[in-house]
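Predicted model, so just to flag it, every value in this text is computed and none were measured. In listed order, ligands and their atoms are each counted from 1.
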Amino acid sequence: MSRIKDAFDAVANTIISQKDYLSGIDAKAGDGDHGFNMARGFTAARDAVDEMEDTSKPGPVLKTIGKALIQNVGGAAGPLYGAAFVKAAEACDDDTAMNKQSFAKLLDAAVKAIQDRGHAQQGDKTILDALIPIRDCFLPENTEDKNLYEVLQEASKAAGDGVSYTKTIPARKGRASLVGERSIGVEDPGAVSTMIMYRALYQFLKY
Ligand SMILES: Nc1ncnc2c1ncn2[C@@H]1O[C@H](COP(=O)(O)OP(=O)(O)OP(=O)(O)O)[C@@H](O)[C@H]1O
Ligand SMILES: [Mg+2]
């Protein structure tokens with residue numbers, strides 16, 4: 001047992017429990033499989049972490065999660081999230097800990113991994129519309145005079161605002177872009193899954 005493993009179990013269990021909700025959102029402008037893809041990937045990732053002998057260090061745990069997502073999820077989001085976890089793992093070092101600096105570093109690596117692979121920008125109605133605002137809350141210029149818990153809470157709100165923003169714009173990446181303007185009014189499923197994962201982590205860390 002370790003804190004990082006317990007934190008991931010909380011995130012994975014939450015995502016798995018929201019399977020039908022996420023697929024329902026994807027059905028409105030995409031192909032209705034986002035919850036199924038995420039549940040499949042996070043079940044495989046949770047099992048892979050369960051098999052690890054040593055879960056005391058964040059780097060190996062995050063790498064195991066990322067590889068499981070890449071190997072077990074078809075669709076666009078699984079490999080993108082997988083790449084994000086792998087690159088966050090590679091950003092870990094001996095100083096990585098539950099603090100603002102480490103969150104900033106790992107979240108930045110995750111954003112860059114998704115951008116390198118998917119070539120999307122903020123405003124394209126993707127995962128990034130939730131993840132970039134979360135990351136930005138942890139940047140040093142935004143965290144002066146705030147403790148970790150204040151920043152975690154701010155980022156939870158920023159994730160929700162990011163999801164709301166995706167309702168106002170047309171999709172420019174992935175299958176939802178095929179329906180163009182008709183995706184306006186519907187939130188982006190990937191942005192919603194990012195918000196759900198982040199909020200599950202926040203709830204875990206709060207108590
Ligand atoms: N290039 C991209 N960059 C970042 N996120 C993306 C990109 N393409 C798709 N996504 C995210 O993936 C989500 C859809 O994931 P899903 O699991 O439904 O796979 P999919 O059906 O193969 O995806 P899609 O239909 O978008 O290609 C979208 O809501 C969006 O947030
Ligand atoms: Mg889909």
- What atoms of ligand 1 come closer than 4.0 angstrom to any heavy atom of D33? 16 (P), 18 (O), 21 (O)

- Distance to 0.1 Å, residue and atom name: give those for the protein heavy atom nearest to atom 10 (N) of ligand 1. L80 CD1, 4.0 Å

- Query: In D31, the N, O or S atom nearest to the Mg ion (ligand 2) is which?
  - Reply: OD1

- Message: Suppose I only count heavy atoms of N37 and a 4.0 Å limit; which atoms of ligand 1 are within that range?
- Response: 16 (P), 17 (O), 19 (O)

- Only residue of Q115, R135, Q122 satisfying side-chain contact (heavy atoms from CB on, under 4.5 Å) with L128 is Q115

- Item | Least distance between heavy atoms, S23 atom then G35 atom | OG-N, 3.0 Å

- Under 4.0 Å to a heavy atom of D31 - the qualifying atoms of ligand 1, by number: 21 (O)

- Task: Spell out, as yes or no, whether a donor-acceptor pair under 3.5 Å connects the side chain of D108 to the backbone of K105.
- Result: no

- Message: Would H119 count as being in polar contact with ligand 1, using the rule that some N or O on each side must be under 3.5 angstrom apart?
- Response: no

- Query: How far apart are the C-alpha atoms of D50 and K5, what are their side-chain angles, what is the distance that settles it, and do they pass the salt bridge (charged side-chain N to carboxylate O under 4.0 Å, His left out) test?
  - Reply: CA-CA 8 Å; D50 272 344; K5 180 180 185 306; 2.8 Å; yes

- May I ask you to identify the nearest protein heavy atom to atom 25 (O) of ligand 1, giving residue, atom name and distance to one decimal place in Å? R175 CB, 2.8 Å

- Item | Distance filter under 4.0 Å to G118 heavy atoms, resulting ligand 1 atoms | 1 (N)

- Query: Is the backbone N or O of G160 less than 3.5 Å from a side-chain atom of S164, with the two atoms forming a donor-acceptor pair by type?
  - Reply: yes

- Indicate the atoms forming the closest heavy-atom contact of A68 with N72, along with that distance. O-ND2, 2.8 Å

- Note on the structure: the protein heavy atom lying closest to atom 23 (O) of ligand 1 turns out to be A76 CB, 3.4 Å

- Item | Close N or O approach (G190, ligand 1; < 3.5 Å) | yes

- Query: At the Mg ion (ligand 2), what angle lies between atom OD2 of D26 and atom OD1 of D33, rounded to 10 degrees?
  - Reply: 80°

- Item | Parallel, tilted or perpendicular, as decided by the 30° and 60° cut-offs, for the rings of H34 and Y81 | tilted

- Identify the protein heavy atom lying closest to atom 14 (C) of ligand 1, giving its residue, its atom name and the separation to 0.1 Å. H34 ND1, 4.0 Å

- Does G30 have a non-hydrogen atom less than 4.0 Å from ligand 1? no

- Query: How far is atom 12 (O) of ligand 1 from its nearest protein heavy atom, and which residue and atom name does that atom have?
  - Reply: A77 CB, 3.6 Å

- Backbone N/O of N147 and side chain of E150: donor-acceptor pair under 3.5 Å: yes

- Does the pair E154 and K157 meet the rule for a salt bridge (charged side-chain N to carboxylate O under 4.0 Å, His left out), with working shown? CA-CA 5 Å; E154 258 182 34; K157 183 177 179 305; over 6 Å; no

- Of all the heavy atoms in D188, does at least one lie under 4.0 Å from an atom in ligand 1? yes

- Task: Look only at the side chain of D124 and the backbone of T126, and say whether a donor-acceptor pair between them is shorter than 3.5 Å.
- Result: no

- At a non-hydrogen distance cut-off of under 4.0 Å, which region of D26 contacts ligand 1 (side chain, backbone, both, or neither)? side chain

- Query: Would you say I127 and ligand 1 have an N/O pair spaced under 3.5 Å apart?
  - Reply: yes

- Message: Can you tell me which residue among I15, L69, V73, I16 is in a side-chain contact (heavy atoms from CB on, under 4.5 Å) with M38?
- Response: I15

- Using a strict cut-off of 4.0 Å, indicate which atoms of ligand 1 neighbour a heavy atom of A120. 3 (N)

